[in-house]
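Keep in mind it's a predicted model, so treat the numbers as computed, not measured.
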Amino acid sequence: MKTVGFLSPGAAATAIVALISFLELVYARPSPEPKVPARVQWSHNRGKKIARTALRGALDGRSYNTTASSTCSTSEAVSIIAPHENIWAGLTDAEAVSIVAWLFAQPELNLTATEDAGEWDNTILLVELQIPNKTDVVSHIDGGAAAPARYAQVRLDNRATEDPYYQDLMVGPLPLADSTASYQPLDYPLTRKTSGKVRNLDADSETLSSEWIYKIGAEVADITLDLWGGTAMGLDNDTLDIWGIDPLWQDDGRIVRWDMFWNLPEDEFDAETLLPLGLYFKSDVTGRDPSQWKVEGWLYNNVFYETTEEFRAAYWSGSIEKLKANVEGSWARTDPQDVSLPYDTQYPPTTIAPSGSRFGVDYERKYVEWMDFSFYIGFSRDVGMTLYDIKYKGERLLYEFGLQEALAHYAGGDPVQSGVSYLDSFYGFGPFAFELVAGYDCPEYATYLNSTFYVDETTHTHLNSICLFEFTTDYPIQRHSTSAYVSATKNTYFTVRSVSTVGNYDYMFSYSFMLDGTISAEVRASGYIQSAYYTTGSDFGFKIQEALSGSMHDHVLNFKADFDILGTANSIQLMKNIPVSRSFPWSNGKVRNTMQLERSWVENEDQGRFNWAPNNAQQLLVLNKDETNKWGEYRAYRVLPMSGAMHLTVEDSSNLVNAARWAEYDVQVTRQHDYEPRAAHPYNSQDVHDPPINFAEFFNGESLDQEDLVVWLNLGMHHVPHTGDLPNTVFTTAHAGVQFMPSNYFDMDQSRNTVNAIRINYSNGTATDVATFGQKDDTCELNFTPAEFNAWNYHGDVVVRKFPYDPNSPYYETDAIV
Ligand SMILES: *[C@@H]1O[C@H](CO)[C@@H](O)[C@H](O)[C@H]1NC(C)=O
Ligand SMILES: *[C@@H]1O[C@H](CO)[C@@H](O)[C@H](O)[C@H]1NC(C)=O
Ligand SMILES: *[C@@H]1O[C@H](CO)[C@@H](O)[C@H](O)[C@H]1NC(C)=O
Ligand SMILES: *[C@@H]1O[C@H](CO)[C@@H](O)[C@H](O)[C@H]1NC(C)=O
Ligand SMILES: *[C@@H]1O[C@H](CO)[C@@H](O)[C@H](O)[C@H]1NC(C)=O
Ligand SMILES: *[C@@H]1O[C@H](CO)[C@@H](O)[C@H](O)[C@H]1NC(C)=O
Ligand SMILES: *[C@@H]1O[C@H](CO)[C@@H](O)[C@H](O)[C@H]1NC(C)=O
Ligand SMILES: [Cu+2]
């Protein structure tokens, strides 16, 4: 039952943004001192308060202060207790320590501590929770069965051999006990059954730099000095760098690289990927013996030279035109420049949370409740944040929702741009989910969580790397005007967000929850583009500087949405708007040109890979055929692309072969199997012909009729960088997203459940009644200080050594790719 209260005519809430815009505050000054608080008066609507039910009592302990002039709350999320353990949370410190020690005690693994290891030693790359099988988790959390046994996933880097390989192992059960602890190859999640092994093409990275790449740089130092006044020889005074394709060419049993020269920026900005120099060389680096590696040619100004001697001879003969270099400048620096916008130095409008956070978090278990939604947060090295057990009004909608892989597939007229197709989980999203910047990445009042990942016998903690917040949009979720009244409802939603900076690019991932029951995932890209030397021509990009081309590329990001709509027996219905010519009993025998609906089912996996229909004409509905609403319609959730629902332009990519078959369609539906938990493996790039996970092999004609289904969705951008990508790509337009919205799932719109709505009756020029439905009615005084963060609290990553275990000497260290 709603309690409805009325405001007297004329009393309206004051817009806080207007007040704050008038505040005189000094920001970002170089001193860690807290600033003097400014105080403003925040008037709440008057009306009757009602009990909040959403947090199931968690908030009931807080009294709503109806006394005027109390201080506005700035509290973090209410601390709550999750209904069950977070089965997907990582290993505890004690578990990680015990596993590392146990691994070192297994003589046949022949492990060397990373600190002491060279290129011919075996090391541990990863110790992480092996995500338990869905089947076991569901029978535990729904069926009351015992909690599934915990195992660790261990990734070894076995380099004490001529044929170096990575190997995935499963170690457990946890806690490790001498009598039961064992390890076994982890290949059930892989389509390739080779005991979890995949070759390591990166085993000799140090030798490759010192004994190969820089030696070649030294061999042509006469030319690089003449062309660009610098060298790339592995010396401190180098002003050039050399790097190239990823994945390496892997055809005909050979491992072939293309590398190129880049200018190193001399200032502190990370602009190297904007400074290509247009000189490329090819080398065959098959095997582990550098004496067998061969330079196979040079490319400069679109002319190919078969040997270094041929290139040098041509160069010094004067027959080669010296091309312009890309050099740093203000165009590549992200600090503000030419600042002269009107009123720009005044504080911009901002949002605040005057009542404090209106949601609950189990900080320890990383469990969240907001309004009628709840979910658990998992975090892994490969993909960063994943959401589990997403429920709405007590029913599970999604068992798992998260990123699987991100591809940046370039193309170009030169072999390096043509050869680059980054599969970013190789680098990992977890290690690069850096601390968020309060007030910029998330609202100042957000609640933050840490995330932890394993590296080199230590655990690193990214402080404040996941943010949780509510936000009220600048538009209502509902409104309607008549000649007698106007009604509107605030659109307040909840977001969980993290940002991973994988090399030059920053990916922002946001999962949001709306009052109507909609869930969305969005990804945005910023950071530095990877650019091309301009001689590649207009087929592959725009010219964006004197000697620079924006290198065209497709970003394709795959998300796993393991729906459980009213149980795990689900089907996919496609419903299309189609044009028809049709006559009706009332149309006098005449055919009318009109439209109608066409429905079909995705029967099996042979039909399970498809693209969104042109003109957005097709709806994808996930439903349980046995569950209908009051009107006999299926209770469904619809998958609705917001923008950037797409697939890879390149067909049967020469770079990727079988390593990213998941990128080939917009939407792909499979039957859920415990042995198909992931669309991609981080080492797919190491063996593109026969990768550990070939997604195409998931499709083997299985029925999709009333089965447990997984929808694999691709989001991304066809990115052709233009001058607006300099110095950085902007989040406003480099954006893609998808919504899962209730479609006949309820008997009516669920956003009617919020009291944050208004109806104003009016007549003959005046408002006659104002209904506010019991919105919070107290007045508080806003202390603006907490709404403005203290940037001096930014820390970077905290590291704790696990082997030997040294919990009492944490230190700060942040590793980025560049
Ligand atoms: C309510 O406001 C009064 C007056 O500002 C204050 O003394 C009291 O502590 C507040 N109570 C709560 C629970 O915030
Ligand atoms: C164990 O690793 C070392 C290098 O750390 C290597 O020299 C040795 O051959 C390896 N032993 C076996 C049995 O593989
Ligand atoms: C870089 O340093 C080396 C010695 O460390 C020196 O021989 C060389 O001339 C220097 N190069 C340049 C470009 O200054
Ligand atoms: C994050 O880690 C820091 C340092 O260990 C700790 O003080 C803080 O309480 C952690 N935050 C959360 C939300 O757990
Ligand atoms: C998970 O499921 C796979 C595939 O059915 C199975 O091979 C594996 O043993 C299961 N893992 C555990 C820990 O039970
Ligand atoms: C005006 O508001 C009151 C109170 O909600 C309602 O009873 C009445 O019907 C409204 N009048 C119109 C014309 O909507
Ligand atoms: C509207 O208001 C005006 C003046 O406020 C009054 O003269 C007029 O009679 C009103 N009309 C109706 C229909 O109530
Ligand atoms: Cu891009």
Side-chain angles (χ1 to χ4, degrees), residues 166 168 187-194 196 198-199 201 245-251 382-383 400 402-411 418-427 429 523 553-562 572 602 604-612 620 639 644-673 675-702 704 709-718 736 738:
Y166 301 108
D168 290 348
D187 66 3
Y188 76 78
L190 314 182
T191 54
R192 189 177 99 169
K193 304 298 179 193
T194 49
V198 56
R199 70 180 177 195
L201 298 182
I245 63 171
D246 175 11
L248 303 179
W249 285 2
Q250 300 166 32
D251 299 329
D382 292 351
V383 298
E400 178 183 352
L403 181 73
Q404 296 294 296
E405 182 58 287
L407 164 66
H409 197 306
Y410 290 74
S418 182
V420 170
S421 296
Y422 297 121
L423 291 166
D424 282 335
S425 77
F426 177 80
Y427 306 97
F429 286 84
V523 55
H553 55 280
D554 277 0
H555 296 272
V556 193
L557 296 101
N558 189 258
F559 288 81
K560 176 183 183 183
D562 180 345
I572 304 279
V602 181
N604 57 52
E605 288 179 346
D606 293 338
Q607 304 165 3
R609 310 181 79 189
F610 51 91
N611 294 329
W612 293 109
L620 188 161
V639 179
M646 51 93 78
H647 61 275
L648 177 63
T649 307
V650 181
E651 293 175 356
D652 201 12
S653 164
S654 300
N655 294 336
L656 295 170
V657 195
N658 292 317
R661 296 286 179 198
W662 54 264
E664 293 178 334
Y665 296 87
D666 297 348
V667 189
Q668 295 163 97
V669 188
T670 61
R671 185 168 154 198
Q672 193 280 336
H673 287 298
Y675 55 80
E676 290 172 354
R678 291 275 312 274
H681 190 277
Y683 298 140
N684 272 9
S685 62
Q686 303 295 292
D687 198 345
V688 296
H689 292 277
D690 192 11
I693 297 178
N694 179 351
F695 183 73
E697 291 180 20
F698 287 15
F699 296 85
N700 45 11
E702 284 182 273
L704 299 177
L709 303 182
V710 179
V711 180
W712 312 83
L713 291 160
N714 285 324
L715 299 180
M717 300 136 239
H718 300 291
V738 65

Show which side-chain atoms of residues 657-664 pair as donor or acceptor with protein atoms under 3.5 Å away, not counting sequence neighbours.
unit_1	atom_1	unit_2	atom_2	d
Asn658	OD1	Arg661	NE	3.0
Asn658	OD1	Arg661	NH2	2.9
Asn658	ND2	His689	O	2.7
Arg661	NE	Val657	O	3.3
Arg661	NH1	Asp652	OD1	3.2
Arg661	NH1	Glu664	OE2	2.7
Arg661	NH2	Asp652	OD1	3.1
Arg661	NH2	Val657	O	3.2
Glu664	OE1	Arg609	NH2	3.3

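- With rounding to the nearest 0.5 angstrom, the NE2 atom of His681 is 12.5 Å from the CD atom of Gln404.
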Checklist entry - What's the verdict on side-chain contact (heavy atoms from CB on, under 4.5 Å) for Val711 and Ile572, showing C-alpha distance, side-chain angles and the deciding distance? => result CA-CA 10 Å; Val711 180; Ile572 304 279; 4.1 Å; yes

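- Residues satisfying the side-chain hydrogen bond (donor to acceptor under 3.5 Å, both in side chains) criterion with His553, sequence neighbours excluded, are Tyr505, His555, His719.
- A salt bridge (Lys or Arg N to Asp or Glu O under 4.0 Å) with Arg678 is found for one member of Asp382, Asp562, Asp168 and no other, namely Asp382.
- The side-chain heavy atoms of Leu403 and Leu557, taken from C-beta on, include a pair separated by under 4.5 Å.
- Taking 4.5 Å as the limit, every side-chain heavy atom of Val688 sits out of range of all side-chain heavy atoms of Asn655.
- The side-chain hydrogen bond (donor to acceptor under 3.5 Å, both in side chains) search around Gln607 returns none, not counting sequence neighbours.
- When the ring-ring contact (aromatic ring centres under 6.0 Å, His included) test is applied to Phe699, the partners found at least two apart in sequence or on another chain are Phe695.
- If you take CG on Asn714 and CG on Leu407, they are separated by 9.0 Å, rounding to the nearest 0.5 Å.
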Checklist entry - Can you list the steps and then say if Asp554 with Val650 is a side-chain contact (heavy atoms from CB on, under 4.5 Å)? => result CA-CA 9 Å; Asp554 277 0; Val650 181; 5.6 Å; no

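- Rounding to the nearest 0.5 Å gives a distance of 11.5 Å between CG of Leu648 and CG of Asp666.
- Under a 3.5 Å cut-off, the side chain of Glu702 and the backbone N or O of Thr670 do not form any donor-acceptor pair.
- The side-chain heavy atoms of Leu656 and Leu423, taken from C-beta on, include a pair separated by under 4.5 Å.
- No salt bridge links Arg671 with Glu605; every basic N to acidic carboxylate O contact stays at or beyond 4.0 Å.
- Phe698 CZ to Gln672 CD: the interatomic distance, rounded to the nearest 0.5 Å, is 10.5 Å.
- Qualifying side-chain hydrogen bond (donor to acceptor under 3.5 Å, both in side chains) partners for Arg192, counting only residues two or more places apart in sequence or in other chains: Thr194, Asp687.
- Applying the side-chain hydrogen bond (donor to acceptor under 3.5 Å, both in side chains) rule to Trp249 yields no partners; only residues at least two apart in sequence or on another chain are considered.
- Between Tyr683 and Tyr166, the ring planes are parallel. Angles under 30° get that label, and only those over 60° would be called perpendicular.
- Rounded to the nearest 0.5 angstrom, Tyr427 OH and Asp246 CG are separated by 3.5 Å.
- Note: Ser421 OG to Tyr410 OH = 9.5 Å, rounded to the nearest 0.5 Å.
- Checking side-chain atoms of Gln686 against main-chain N and O of Leu201 turns up a donor-acceptor pair under 3.5 Å.
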